[in-house]
**Student:** 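Below you'll find the structure I mean.
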Amino acid sequence: MAEHRYSPQEIEPRWQELWAKERTWEVSNEPVAGARGDGRAGSTGGGAHAGGRASSSYVLEMLPYPGGEPHIGHLKCYSLGDAIAHFRRRLGARVLHPMGYDAFGLPAENHAIRTGVHPRTSTAESIASFRRQFHSWGISIDWSRELATDEPSYYGWTQWIFLQLFRAGLAYRKEAAVKWCPKDQTVLANEQVEPDGTCERCGALVEVKQLEQWFLRITDYAERLLNDLDAIDWPEHVKTMQRNWIGRSEGAEVIFRCEEIGVDYPVFTTRPDTLFGATFFVMAPEHPDVMRLARGTEQEQAVHEYVNHALNETNEQRGNADKPKTGVPLGRTVVNPVNGERIPMYVADYVLMEYGTGAIMAVPAHDERDYAFARAFDLPIRRVIMPPPAEHTVSKPASPPGEDGGAGELPYIGEGTLVNSRPDFDGMPNREALSEIVAWLDREGKGHASVNYRLRDWLVSRQRYWGTPIPIIHCEACGLVPVPDEQLPVELPDVEDYMPKGRSPLAGAEEWVNVSCPQCGGRARRETDTMDTFVDSSWYFMRYCDSSNESAAWDPAALREWMPVDQYIGGVEHAILHLMYARFFTKALADLGHVDFQEPFQALFTQGMVTKDGAKMSKSKGNVVSPAAIVERVGADTARCYILFIGPPDQDADWSDEGVEGVHRFLGKLWRLSAETGERAGAPSAELAGRSDAEGDDLALLRKTHWAIDKVSGDLRRFAFNTAIAAVMELLNDCSRLRESVQLDTLRFALASAASLLFPFAPHVSADVYDRLTGERVWEQPWPQAEEALLERESYELVCQVNGKVRDRVQASADASVQELKELCRAAPNVIAHVDGKEIVKEIVVPGKLVNLVVR
RNA sequence: GCACCAGUACCUUAAUCGGUGAAAGGACCGGUCUUAAACACCGGUGAUCCGGGUUCGAGCCCCGGCUGGUGCACCA
């Protein structure tokens with residue numbers, strides 16, 4: 001008797017080598033005319049493959065940042081994506097499933113500062129490790145399209161795109177108050193600052209600095225980025241996060257004039273209907289005019305102190321809404337354009353420079369923050385909206401307008417009727433008054449309707465070394481001059497000192513920096529800032545479509561074949577930044593005529609985190625599970641299967657070593673039972689179960705098999721991988737239980753089907769099992785189809801209830817009529833005992849399930 | 001504080017339309033095999049957060065509460 005031992009260490013490399021040698025997962029950009037031209041296509045024909053050209057499908061997981069070794073989150077992401085890719089292939093699609101590396105970035109550079117090792121070296125080592133492990137996991141990647149964003153052949157095109165944006169006015173330079181990380185010595189995007197005011201990467205307290213920086217005009221796209229969310233198939237919570245981030249509000253811009261210094265100050269408000277209730281005016285401490293306004297007044301010193309104090313506060317301290325309101329008067333007034341009133345100006349830290357115009361009109365009666373400030377500073381509070389009469393009072397109008405009580409508590413945020421405004425607005429519902437007032441302001445030239453966004457322009461320059469150089473030359477005569485396309489890529493030079501000193505380390509590479517101006521030929525200097533790495537990852541999915549193209553970023557025909565990505569997969573931590581930037585790039589490139597679609601990712605799946613003992617894995621906690629160690633111990637199939645079995649893939653899941661053993665046992669059982677069965681059956685045979693005459697246990701196993709086919713197919717469509725695997729486990733349990741009592745062909749069919757269904761999750765063992773049983777390549781088989789006839793039963797156990805309680809069960813035929821079912825139930829012995837002469841008042845029949853008799 | 005999601009056995013997860021006695025894996029217990037153990041095989045224990053409502057019938061629907069998670073949070 002041959003020993004049957006499941007040995008992934010033997011099985012997995014064997015199949016991996018075959019797939020590598022035959023380049024099984026590579027796809028060309030030229031669709032072959034149907035499956036006919038493809039010699040390797042499924043030998044059994046295959047419904048989905050037959051006739052016409054196969055459909056194209058682009059399945060993409062977010063590209064990894066190659067730092068150190070892959071972690072368990074990578075295993076989950078790529079196991080997930082691979083399952084989807086395999087499933088689509090076997091449904092008949094040509095699937096593009098590429099891989100690359102987001103290779104620029106701070107960690108490699110900081111490592112270089114510590115060790116002196118060039119970032120290129122450490123990154124290359126890490127990439128090699130990622131590549132090796134992806135191979136050992138058996139992920140079905142088209143390696144011919146592999147790319148890394150730090151290769152000149154890639155970033156040359158990143159630079160080309162930057163220049164496209166620059167020429168279109170979408171990339172610009174301006175001095176701005178920027179977030180500066182003193183530890184990393186670089187500027188951060190707003191998005192990279194944590195809510196507590198620390199750097200996302202290193203945790204240092206972020207400072208504010210005035211510097212000239214490069215920005216991309218993403219705000220031009222705010223409206224489209226918002227609206228087009230409706231048309232894509234993304235998780236609702238991700239869309240919500242994007243909508244909140246864009247933060248669209250409708251309202252009006254209204255001009256308040258400071259007559260003392262003769263300057264107009266526009267404010268943005270969403271509530272122009274409350275304009276008549278404005279009793280003071282507040283500016284943000286960062287507002288450039290604050291000191292100018294206070295100069296020469298007796299408030300100058302106090303304002304100076306207050307502003308300094310406010311600027312040194314962290315976002316966390318300042319952002320706390322429960323904090324008592326602080327501020328100081330500016331000693332100036334502005335005129336409310338609707339009624340000519342002079343109202344006092346204040347500076348207070350509850351007003352934010354980043355939002356609106358950095359100045360607000362304060363309406364304490366109808367805004368909580370303004371109310372709190374007014375109470376603290378003893379400022380007038382004027383009600384201009386009356387709530388509608390309370391429901392319980394008789395339909396009598398509310399008490400007459402005025403300062404009196406009876407109108408409810410202030411501040412009042414809700415809807416109502418205007419009072420204390422102008423005679424022609426008083427009495428109007430506030431919604432209506434809002435548009436009337438805006439129209440009136442517009443006519444008077446004192447304001448206009450306006451839409452405001454929370455979204456800021458994207459700050460893309462970094463004073464760091466390890467990034468894509470910005471391809472611009474500074475010429476004293478010509479200004480900002482783009483590097484001519486034929487001189488791209490502007491290669492990143494080697495430097496000796498990576499340490500940032502408030503300017504990019506590139507500034508030290510004199511030979512590289514000093515150039516002649518492409519326009520006038522005069523002396524000029526290269527831009528020394530590099531790009532935020534999010535720029536690199538904002539277009540990589542397009543490069544995959546044509547990654548070896550040396551004369552263009554892509555051939556438009558290649559994009560037409562594959563884009564947009566049909567299924568994108570990645571962590572929810574990228575819900576805002578990466579996904580927003582990639583969408584912006586796509587739209588900008590569409591406007592410039594380079595692509596002909598508006599959204600890069602048609603469908604998005606966000607995977608949950610993998611935790612250990614309920615906590616995020618981290619080196620400091622010592623609870624890191626290494627994929628390499630797991631794969632070495634139990635094999636890639638077990639690791640992949642387990643991580644998908646552990647729970648719904650969009651939820652967080654806790655890793656348990658015992659759970660891994662369970663899945664390992666399951667795969668071992670499948671393999672052993674199949675090896676045994678293959679041996680008993682003699683030569684492998686593609687001739688699978690003849691089912692028409694099956695009965696007894698054979699029929700039961702056949703039914704279970706088709707149930708599993710149906711279940712797994714449905715589960716895969718909705719990404720319920722955990723239940724799909726559980727269904728195969730159930731099928732295998734039945735195979736094992738019935739193995740002695742069914743015909744060999746039935747058992748072989750059931751086991752081969754189990755392997756076929758499991759292939760997207762555990763490709764190696766599934767391929768091996770399928771080969772042993774049938775001599776065929778499972779990945780060349782079309783996805784199995786469940787036989788409708790076998791999903792139905794010709795008879796079933798009818799549940800007989802009396803008053804909702806199960807009292808008996810009897811066999812009923814599947815086509816029994818409602819009347820027959822009632823009779824069957826009434827005749828059941830235990831039902832008779834419980835009815836016992838009582839009156840049957842109601843009979844509920846659920847065909848296929850039960851009959852319930854209600855008795856009294 | 002606001003919004004959304006979730007509470008099922010000791011643990012992690014299932015359960016189309018409201019329809020049987022709530023399923024899978026792990027853990028645990030017993031048996032077979034073994035000198036013994038591990039492996040394997042066979043068998044077993046065990047659950048719908050609390051309170052109300054709708055219904056012939058509720059894990060599933062509605063209301064209230066409790067607990068946990070996520071997102072937003074001075075955005076004018």
Side-chain angles (χ1 to χ4, degrees), chain A residues 4-6 195 236-238 240-241 243-245 247-249 251 267-272 274 278 282 284 318-323 325 348-352 354-363 366-370 372-373 452-455 572 575-576 608-609 614 641-642 645-648 650-663 665-666 668-669 672-673 711 714-715 718 720 722-730 732-733 736-737 796-809 840-856:
Chain A
H4 292 117
R5 227 178 75 94
Y6 169 52
E236 211 42 56
H237 71 278
V238 175
T240 302
M241 282 164 76
R243 286 191 189 108
N244 290 342
W245 193 259
R248 181 183 199 274
S249 342
V267 302
F268 174 77
T269 175
T270 52
R271 295 294 304 272
T274 65
V282 192
R318 222 181 120 169
N320 182 0
D322 301 331
K323 190 184 83 154
K325 294 279 177 285
D349 65 2
Y350 81 92
V351 174
L352 309 172
E354 309 92 76
Y355 188 78
T357 61
I360 63 156
M361 64 166 198
V363 184
H366 304 292
D367 181 281
E368 284 180 32
R369 298 150 298 170
D370 297 346
F373 191 87
N452 194 65
Y453 299 94
R454 207 187 80 121
L455 185 71
V572 74
I576 297 175
M609 242 178 17
C641 243
Y642 173 66
F645 177 64
I646 192 169
D650 56 333
Q651 281 174 32
D652 289 354
D654 204 60
W655 181 277
S656 125
D657 289 331
E658 292 82 34
V660 175
E661 294 305 324
V663 171
R665 271 205 286 278
F666 157 65
K669 193 165 160 179
R672 273 192 309 276
L673 191 52
K711 169 89 176 137
D715 285 352
R718 55 189 184 99
N722 54 332
T723 54
I725 294 167
V728 181
M729 285 177 173
E730 279 194 56
L732 183 64
N733 284 346
S736 170
R737 189 167 52 82
Y796 59 93
E797 201 170 49
L798 178 74
V799 170
C800 305
Q801 297 182 330
V802 178
N803 284 346
K805 290 198 166 58
V806 179
R807 294 306 184 190
D808 212 334
R809 51 195 69 230
I840 298 176
V841 293
K842 201 169 178 184
E843 292 172 308
I844 291 104
V845 181
V846 183
K849 299 274 186 190
L850 54 76
V851 175
N852 185 16
L853 304 180
V854 185
V855 301
R856 199 162 47 199

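Side chains included, hydrogens not; waters and symmetry mates left out as well; all remaining heavy atoms used.
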**Student:** With a 4.0 Å cut-off on heavy atoms, is N722(A) in touch with a base, just the backbone sugar-phosphate, or nothing at all?
**Tutor:** sugar-phosphate
**Student:** Using the C1' atom on both, measure C4(B) against G57(B) and round to a whole Å.
**Tutor:** 31 Å
**Student:** Closest approach of I840(A) and V855(A), non-hydrogen atoms and distance?
**Tutor:** CG1-CG1, 4.0 Å
**Student:** Using the C1' atom in both, what is the distance from C11(B) to G52(B), to the nearest Å?
**Tutor:** 31 Å
**Student:** Touch check for V351(A), heavy atoms < 4.0 angstrom, all strands: base, sugar-phosphate only, or nothing?
**Tutor:** base
**Student:** Base, sugar-phosphate or nothing for T240(A)? Non-hydrogen atoms, less than 4.0 Å.
**Tutor:** nothing
**Student:** For a quick test of reading the model, state the closest non-hydrogen atom pair linking V282(A) to A348(A) and the distance between them.
**Tutor:** CG1-CB, 3.5 Å
**Student:** Cut-off 3.5 Å, side chains only: do N452(A) and S249(A) have a donor facing an acceptor?
**Tutor:** no
**Student:** So what does D652(A) hit on the nucleic acid, given a heavy-atom distance under 4.0 Å: a base, only sugar-phosphate, or nothing?
**Tutor:** sugar-phosphate
**Student:** Without decimals, in angstroms, what is the distance between I576(A) CD1 and G71(B) C1'?
**Tutor:** 9 Å
**Student:** What does T270(A) touch in the nucleic acid at a heavy-atom separation under 4.0 angstrom: a base, only the sugar-phosphate, or nothing?
**Tutor:** sugar-phosphate
**Student:** What contact category does G356(A) fall into here, base, sugar-phosphate, or nothing, at under 4.0 angstrom with non-hydrogen atoms?
**Tutor:** nothing
**Student:** Considering just the side-chain nitrogens and oxygens of N733(A), establish if one lies under 4.0 Å of OP1 or OP2 belonging to G25(B).
**Tutor:** yes
**Student:** Could you check if the base of C17(B) is syn or anti? Syn means the glycosidic torsion is within 90 degrees of 0.
**Tutor:** syn
**Student:** Expressed in angstrom and rounded to an integer, what is the separation of H237(A) atom NE2 from C4(B) atom C1'?
**Tutor:** 10 Å
**Student:** Could you tell me how far G30(B) sits from G19(B) if I compare only their P atoms? Round to whole Å.
**Tutor:** 39 Å
**Student:** Take atom C1' in C28(B) and the same atom in G46(B), then report the distance between them in whole Å.
**Tutor:** 10 Å
**Student:** When you measure from the side chain of D370(A) to the backbone of V363(A), do you find a donor-acceptor pair of N or O atoms at a distance under 3.5 Å?
**Tutor:** yes
**Student:** Hey, is the side chain of R665(A) poking within less than 4.0 Å of OP1 or OP2 on A27(B), counting only N and O atoms?
**Tutor:** yes
**Student:** On the 0 to 90° scale, with breaks at 30° and 60°, tag the F373(A)-Y350(A) ring pair as parallel, tilted or perpendicular.
**Tutor:** tilted
**Student:** To the nearest Å, how far apart are N244(A) CG and C4(B) P?
**Tutor:** 13 Å
**Student:** Calculate the interatomic distance between D657(A) atom CG and G25(B) atom P; express it in whole Å.
**Tutor:** 20 Å
**Student:** Between E368(A) (CD) and A73(B) (C1'), how many Å, whole number?
**Tutor:** 12 Å
**Student:** Apply salt bridge (charged side-chain N to carboxylate O under 4.0 Å, His left out) to the pair E236(A) and R243(A), showing each step before the final yes or no.
**Tutor:** CA-CA 10 Å; E236(A) 211 42 56; R243(A) 286 191 189 108; 3.4 Å; yes
**Student:** Would the base of G19(B) count as contacting Q801(A) through its side chain, where contact means a donor and an acceptor less than 3.5 Å apart?
**Tutor:** yes
**Student:** For N852(A) and for I646(A), locate the closest nucleotide of RNA chain B by heavy-atom distance; then report the residue assigned to the nucleotide nearer the 5' terminus.
**Tutor:** I646(A)
**Student:** Which sits closer to the 5' end of RNA chain B, T269(A) or V846(A), going by the nucleotide each is nearest to?
**Tutor:** V846(A)
**Student:** Determine the interatomic distance between C1' on G18(B) and the same-named atom on U55(B); round to the nearest Å.
**Tutor:** 9 Å
